[in-house]
Number of protein chains: 2
Amino acid sequence: MSLLVVGSVAYDSVETPHDRRDDALGGSATFFSIAAALFHKPSLVAVVGDDFKSEDVDTLERAGVDMSGLERSAGGRTFRWGGRYSADMNNRDTLFTELNVFEAFKPKLSATHREASLVFLANIQPTLQLSVLEQVGCPRFVAADTMNLWIGGARPALLEVLSHVDALFVNDSEALELTGALTMVAAAAEIRAMGPELVIIKRGEHGALVFNGDDIFYVPAYPLEQVIDPTGAGDTFAGGFMGYLAETGDFTPENVRRAAVVGSLMASFCVEGFSVEGIARLTLDDVRRRYAAFLALTHIDALAL
Amino acid sequence: MSLLVVGSVAYDSVETPHDRRDDALGGSATFFSIAAALFHKPSLVAVVGDDFKSEDVDTLERAGVDMSGLERSAGGRTFRWGGRYSADMNNRDTLFTELNVFEAFKPKLSATHREASLVFLANIQPTLQLSVLEQVGCPRFVAADTMNLWIGGARPALLEVLSHVDALFVNDSEALELTGALTMVAAAAEIRAMGPELVIIKRGEHGALVFNGDDIFYVPAYPLEQVIDPTGAGDTFAGGFMGYLAETGDFTPENVRRAAVVGSLMASFCVEGFSVEGIARLTLDDVRRRYAAFLALTHIDALAL
């Protein structure tokens with residue numbers, strides 16, 4: 001099944017308690033598509049400036065991403081984001097955001113891209129997400145991500161997006177902000193009433209909760225000895241999830257659970273390196289090995305009472 | 001196997017965003033022993049004042065707790081704690097702590113209590129935990145809880161306790177504070193080097209991580225629609241865990257995992273009511289039903305790739 005992602009391709013400047021990188025390859029569509037490509041070739045639609053390096057195009061192409069939808073804005077400068085993480089890596093401050101070419105971005109889908117079966121609307125303005133929805137035909141499965149900026153500042157357009165998508169990826173704090181609910185169970189029920197049948201609440205180092213119709217599933221995060229850079233973990237989760245679904249074409253609750261585990265494991269690889277270093281050279285066997293370790297980590301026998 | 005807990009019996013005044021209770025039955029030994037008693041009769045050693053109500057003794061006895069070790073300090077007043085929870089219930093401020101009779105508490109174990117097979121040293125001063133350790137014979141399994149107050153202010157005594165116990169229950173932030181580590185995996189390894197073979201890192205609404213020798217196990221928290229009062233959840237977790245181990249007498253890694261799930265589920269019942277209301281009237285069938293729901297919630301099939 002064909003898989004499309006519309007989002008950002010960016011240069012990130014990241015400070016962690018131990019190290020820093022400037023102008024490293026980043027952006028929601030970048031992390032998503034590199035993670036997805038391990039399972040199923042994704043098509044990326046995004047915009048960059050003249051300054052976007054050919055080695056970064058190479059990194060995406062080598063990972064197996066269809067780059068025909070990458071627009072180059074002549075004379076423009078690629079979107080840039082800078083952030084600094086707290087000592088425990090659970091919080092970050094945005095140091096700067098330069099929209100640059102992203103400010104005037106109007107996603108235009110090719111005839112092929114309009115026929116995508118699975119679509120991921122990465123975290124961009126809800127009005128842009130809506131313009132993508134208007135261009136695609138009849139996708140089998142559409143998922144969206146969003147953030148507090150749009151929950152607070154573009155609520156009507158976001159609610160319109162939600163009424164048209166099958167799935168929402170959202171952080172725990174954003175789920176509470178979106179709904180006013182006090183628990184994840186209550187928030188998920190309210191989000192499902194807004195449209196998406198499937199709600200995936202991401203909780204960073206605590207994993208994710210998957211509300212899939214009547215099926216509720218808890219995915220722990222794979223415990224790591226060291227976290228290098230959390231940037232892109234959420235988009236990588238979504239990429240693993242959607243890439244696995246695109247490859248298997250199986251939307252049963254059991255397989256959606258597997259997809260969520262795959263997403264969580266891809267995120268665990270992501271945070272083990274700066275930028276896309278943790279995921280760009282992975283093999284399917286790496287994922288299979290960590291999946292087996294994950295099964296062992298979470299296995300429980302029936303109660304002996 | 002006989003089970004002993006030494007800790008506090010208290011009156012708690014709790015404010016949540018929705019409600020409040022004054023002078024409700026609380027204390028680490030209270031929550032622990034009521035939870036444990038559902039599986040195996042525990043003996044409680046603690047001190048209260050003249051003001052401790054007979055109906056609260058009744059609540060503990062009806063739950064199946066051996067109260068022969070409850071000391072009444074003539075003319076004294078029962079330990080009191082007051083706290084206020086944040087809107088999302090994940091943080092709380094201590095409004096007051098009145099040690100009262102607890103200030104001069106010197107646990108004295110009866111001949112029977114000295115023979116306990118399983119011992120839980122609830123969160124009290126490490127020097128008191130050490131005095132209990134000196135009085136018990138050769139217990140099969142000793143677990144301790146602690147808190148930031150002792151990690152910062154009584155570190156040498158706490159390290160002495162750790163060198164003598166089989167298991168430590170500790171919050172995630174406390175595990176980092178105790179070790180200076182940056183991840184739970186690293187913190188657990190350092191704590192295990194201090195003594196306990198088994199380290200249980202509690203993460204509130206995010207569940208717990210169990211490091212049992214080479215066996216690492218992630219226990220999600222059971223997702224709830226509504227949380228009424230988180231007070232006592234950690235002690236209730238430990239009570240369910242130790243009560244289940246005392247009843248089954250099985251310390252294999254598989255059974256320690258079951259015990260951790262039981263502990264997590266008992267904590268989920270605990271937070272559904274104020275004080276001990278969520279656990280005082282539970283039946284084993286309630287636990288069996290939630291355990292089955294938990295298995296369904298966490299079940300994953302092998303990877304289909």
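FYI, side chains are in, hydrogens and waters are out, and symmetry mates aren't considered; it's all heavy atoms of this structure. Every chain is numbered from 1 and lettered A, B, ... according to where its sequence line falls, protein lines coming before strand lines.
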Next on the checklist: Restricting to non-hydrogen atoms, name the atom on B/Leu297 and the atom on A/Phe217 that form the minimum distance, rounded to 0.1 Å.
Outcome noted: O-CD1, 3.0 Å
Next on the checklist: If we define contacts as heavy-atom pairs under 4.5 Å, which of B/Leu224, B/Val287, B/Leu284, B/Val261 has the most with chain A?
Outcome noted: B/Leu224
Item to check | Best-contacting candidate, B/Leu182, B/Leu305, B/Val227, against chain A by heavy atom pairs under 4.5 angstrom | outcome: B/Leu305
Checklist entry - Non-hydrogen atoms of chain B under 4.5 Å away: do they reach the side chain of A/Ala188, the backbone, both or neither? => result neither
Item to check | Proximal component of A/Ala292, with respect to chain B [non-hydrogen, under 4.5 Å] | outcome: neither
Checklist entry - For chain A, which of B/Gly207, B/Ala293, B/Ala302 has the most heavy-atom pairs under 4.5 Å? => result B/Ala302
Checklist entry - What part of B/Leu209 gets closer than 4.5 Å to chain A, counting heavy atoms only: side chain, backbone, both or neither? => result side chain
Item to check | Heavy-atom proximity to chain B below 4.5 Å, by part of A/Val262 | outcome: side chain
Item to check | Toward chain A, the part of B/Ala296 with a non-hydrogen atom under 4.5 Å | outcome: backbone
Let me see the donor-acceptor pairs closer than 3.5 Å between chain B and chain A, or none if nothing turns up.
unit_1	atom_1	unit_2	atom_2	d
B/Thr183	OG1	A/Glu225	O	2.8
B/Arg203	NH2	A/Glu205	OE1	3.1
B/Arg203	NH2	A/Glu205	OE2	3.3
B/Glu205	OE1	A/Arg203	NH2	3.1
B/Glu205	OE2	A/Arg203	NH2	3.2
B/His206	O	A/Tyr218	OH	3.3
B/Tyr218	N	A/Leu297	O	3.2
B/Tyr218	OH	A/His206	O	3.3
B/Glu225	O	A/Thr183	OG1	2.8
B/Tyr244	OH	A/Ala304	N	3.3
B/Arg257	NH1	A/Ala296	O	2.6
B/Arg257	NH1	A/His299	O	2.7
B/Arg257	NH2	A/Ala296	O	2.7
B/Arg258	NE	A/Ala302	O	2.6
B/Arg288	NE	A/Leu305	O	3.1
B/Tyr291	OH	A/Asp301	O	2.6
B/Ala296	O	A/Arg257	NH1	2.6
B/Ala296	O	A/Arg257	NH2	2.7
B/Leu297	O	A/Tyr218	N	3.2
B/His299	O	A/Arg257	NH1	2.7
B/Asp301	O	A/Tyr291	OH	2.6
B/Ala302	O	A/Arg258	NE	2.6
B/Ala304	N	A/Tyr244	OH	3.3
B/Leu305	O	A/Arg288	NE	3.0

Next on the checklist: Less than 4.5 Å to any heavy atom of chain A: does that hold for the side chain of B/Ala221, its backbone, both, or neither?
Outcome noted: backbone
Item to check | Pairs of heavy atoms under 4.5 Å with chain B: top-ranked of A/Ala304, A/Ala186, A/Pro223 | outcome: A/Ala304
